Number of protein chains: 2
Amino acid sequence: MRKGELTRQAILDEAVRMARYSGLSGLTIGSLAAAADMSKSGVYAHFKSKEALQLACMERNSEQFIDEVIRPALAKPRGVTRLQAIVEYWMRWYSHPGGCLFLAAAAEFDDMTGPLHDQMVADQRGLLDSIARVASTAVSEGEFTGDTDLFQVAQEVLGILLSYNWMSRILTYPDAAERAWAAFNRLVDSHRI
Amino acid sequence: MRKGELTRQAILDEAVRMARYSGLSGLTIGSLAAAADMSKSGVYAHFKSKEALQLACMERNSEQFIDEVIRPALAKPRGVTRLQAIVEYWMRWYSHPGGCLFLAAAAEFDDMTGPLHDQMVADQRGLLDSIARVASTAVSEGEFTGDTDLFQVAQEVLGILLSYNWMSRILTYPDAAERAWAAFNRLVDSHRI
DNA sequence: GCAAAACTAGCACGATCGTGCTGAAAAATC
DNA sequence: GATTTTTCAGCACGATCGTGCTAGTTTTGC
């Protein structure tokens with residue numbers, strides 16, 4: 001009853017950690033069991049199927065993202081300050097060992113049907129909405145012009161984040177962060193009142 | 001001698017097509033053989049290992065990218081026109097059934113060691129250099145200021161492309177292309193002399 | 001046309017995958 | 001402390017994976 005939920009969370013944390021490296025498809029119950037010092041069936045019993053395990057991983061990952069990116073950003077003052085904060089925390093999120101599970105899931109499930117694909121799309125939509133929502137506070141605070149296209153801002157910020165991830169994680173360019181901030185500042189200035 | 005190379009290419013084309021959907025790790029020799037109407041060992045004989053098959057897929061994919069994106073762009077006049085062209089062809093490249101194999105490979109091999117990872121990094125570096133090289137023609141043609149940071153441009157163009165891919169392919173936002181061009185125009189204007 | 005080379009189907013191997021049953025150990029409830 | 005429920009290891013299953021050998025067919029070079 002309580003012990004079960006505890007080990008389930010422990011398994012899930014380990015699963016998310018492993019999935020960041022190998023992806024959710026590359027994650028196998030056998031290796032997960034070994035990492036969690038349990039038997040294969042012991043792990044399996046907590047999730048009635050592999051798909052359920054993968055979905056649980058995505059859910060856990062989203063929780064961690066909220067904890068590490070969304071909530072800290074919301075603690076900052078509304079407006080450009082908060083927009084800058086979410087980008088900063090987001091860039092830190094990308095530097096997790098193994099990378100970003102959202103990105104891995106998107107690459108794995110984009111051409112697929114079923115619950116995994118649907119959950120992935122919902123997650124991605126949530127990420128984009130988060131940016132747009134924070135950007136909207138810059139409008140309501142009078143920092144951005146009233147006719148600002150929030151999803152234009154969201155798409156461009158996402159682009160800055162994605163290319164930063166590419167440059168720093170894959171190509172290991174040391175100037176990636178600096179250039180990302182240059183792009184961000186130019187974007188913000190173009191919408192300033 | 002000649003027949004062998006022919007079927008090898010046919011297998012490879014089919015393999016790349018499949019890998020766009022499932023990734024290079026998800027690609028299995030069994031399903032590839034079925035799609036190519038051959039026996040498993042018949043396919044396997046052309047590539048002495050699965051890793052060699054995957055590497056050959058990456059090579060074939062790069063050739064196709066050159067044919068469909070790089071070469072057509074180089075046929076355009078140097079400068080902003082060519083930069084705009086490479087973005088346009090690149091966006092079309094992303095709309096291939098199954099998506100972009102460069103992106104899939106990057107997600108699969110980023111945290112890995114070995115030839116597959118190395119080839120992927122080399123490919124990605126090549127993609128970025130392509131953008132920077134085209135951007136440099138805008139400088140030499142006198143359209144961009146002389147102090148333009150070419151890799152700043154490259155990183156931002158890559159961001160526009162990546163976020164376009166995300167928005168259109170995963171989230172199926174219809175305005176993704178329009179917004180990508182808006183971002184592109186703003187970027188170009190900021191570097192115009 | 002013939003000999004040599006290249007190509008590919010058949011088959012089998014060890015390994016690993018997800019899944020599921022069964023029973024013992026542990027924990028929770030009273 | 002007894003009992004009921006939960007938790008988990010052992011084990012086995014069918015399927016599929018990559019790999020490789022062996023023979024026979026097809027294609028090539030002369």
Side-chain angles (χ1 to χ4, degrees), chain A residues 1-19 21-60 104-105 108-109 112-117 119, chain B residues 1-19 21-60 104-105 108-109 112-117 119:
Chain A
M1 275 167 163
R2 212 171 70 253
K3 165 83 179 315
E5 186 59 27
L6 213 75
T7 61
R8 190 192 134 102
Q9 286 300 327
I11 294 172
L12 221 42
D13 281 339
E14 184 58 43
V16 169
R17 213 172 301 131
M18 293 177 65
Y21 285 97
S22 59
L24 285 167
S25 309
L27 181 68
T28 72
I29 298 180
S31 55
L32 175 57
D37 246 318
M38 289 180 63
S39 75
K40 230 171 49 160
S41 56
V43 169
Y44 190 80
H46 285 275
F47 317 86
K48 310 165 316 251
S49 72
K50 180 172 183 187
E51 193 177 78
L53 167 65
Q54 292 170 314
L55 279 169
C57 282
M58 294 179 73
E59 193 179 350
R60 186 85 190 83
E108 290 180 283
F109 304 140
M112 189 174 287
T113 63
L116 288 168
H117 169 268
Q119 185 58 51
Chain B
M1 276 166 161
R2 214 170 71 251
K3 165 82 179 315
E5 186 58 28
L6 212 75
T7 61
R8 191 192 135 101
Q9 286 301 325
I11 294 172
L12 221 42
D13 280 339
E14 183 58 44
V16 168
R17 213 172 301 131
M18 293 177 66
Y21 285 96
S22 58
L24 285 167
S25 309
L27 181 67
T28 71
I29 296 179
S31 55
L32 175 56
D37 245 319
M38 290 180 62
S39 75
K40 230 171 49 160
S41 56
V43 168
Y44 190 80
H46 285 276
F47 317 86
K48 309 166 318 254
S49 73
K50 178 169 185 188
E51 192 177 79
L53 166 65
Q54 293 170 313
L55 279 169
C57 282
M58 294 179 73
E59 194 180 349
R60 185 87 191 83
E108 290 180 284
F109 304 141
M112 188 174 290
T113 63
L116 288 169
H117 169 268
Q119 185 59 51

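Numbers restart at 1 for each chain; the letters A, B, ... are given by sequence-line order, proteins then strands. Keep in mind the model is a prediction, meaning the values are calculated, not measured.
Atom CG in Asp37(A) sits roughly 19 Å away from atom P in dT7(D) (whole-Å rounding). In this structure, the NZ atom of Lys40(B) is 14 Å from the P atom of dC13(C), given to the nearest Å. For the pair Glu5(B) CD and dT8(C) P, the computed distance is 11 Å after rounding to whole Å. Distance Ile29(B) CD1 to dG20(D) P: 10 Å, rounded to the nearest Å. What separates CG of Leu32(A) from P of dC17(C) is a distance of 11 Å, to the nearest Å. In this structure, CG of Leu6(B) is placed 14 Å from C1' of dT26(D), rounded to the nearest angstrom. Arg8(B) has its CZ atom 15 Å from the P atom of dA6(C), to the nearest Å. When rounded to the nearest whole Å, the span between NE2 of His46(B) and C1' of dT19(D) equals 16 Å.
Taking the side chain as every heavy atom from C-beta outward, Leu55(A) and Glu59(A) never approach each other to under 4.5 Å.
The side chain of Ser41(B) lies closest to dG10(C), out of dT8(C), dG10(C), dA12(D). Side-chain atoms of Tyr44(A) lie closest to dT19(C) of the nucleotides dT19(C), dT19(D), dC8(D). Side-chain proximity of Ala45(B) to dG20(D), dC8(D), dT8(C): nearest is dT8(C). Checking dC8(D), dT19(C), dC17(D) against the side-chain heavy atoms of Thr7(A) singles out dC8(D) as nearest. The nucleotide whose nearest atom lies closest to any side-chain atom of Met38(A) is, among dA9(D), dG18(D), dT19(C), dA9(D).
Looking at which nucleotide of DNA chain C each of Glu51(A) and Ser39(B) is closest to, the 5′-most match is held by Ser39(B).
More than 12 heavy atoms of other residues, nucleotides or ligands sit less than 6.0 Å from atom CD of Glu51(A).
Using a 4.0 Å heavy-atom cutoff across all strands shown, Leu27(A) reaches sugar-phosphate atoms only and no base atom. Among the heavy atoms of the strands, none lies under 4.0 Å from Ile11(A).
The line from CD of Gln119(B) to CG of Leu24(B) is 11.0 Å long, rounded to the nearest 0.5 Å. Here the straight-line distance linking atom CG of Leu32(B) with atom CE of Met38(B) works out to 9.0 Å at 0.5 Å rounding.
Smallest separation of non-hydrogen atoms from Ala56(B) and Arg8(B): CB-NH2, 4.0 Å.
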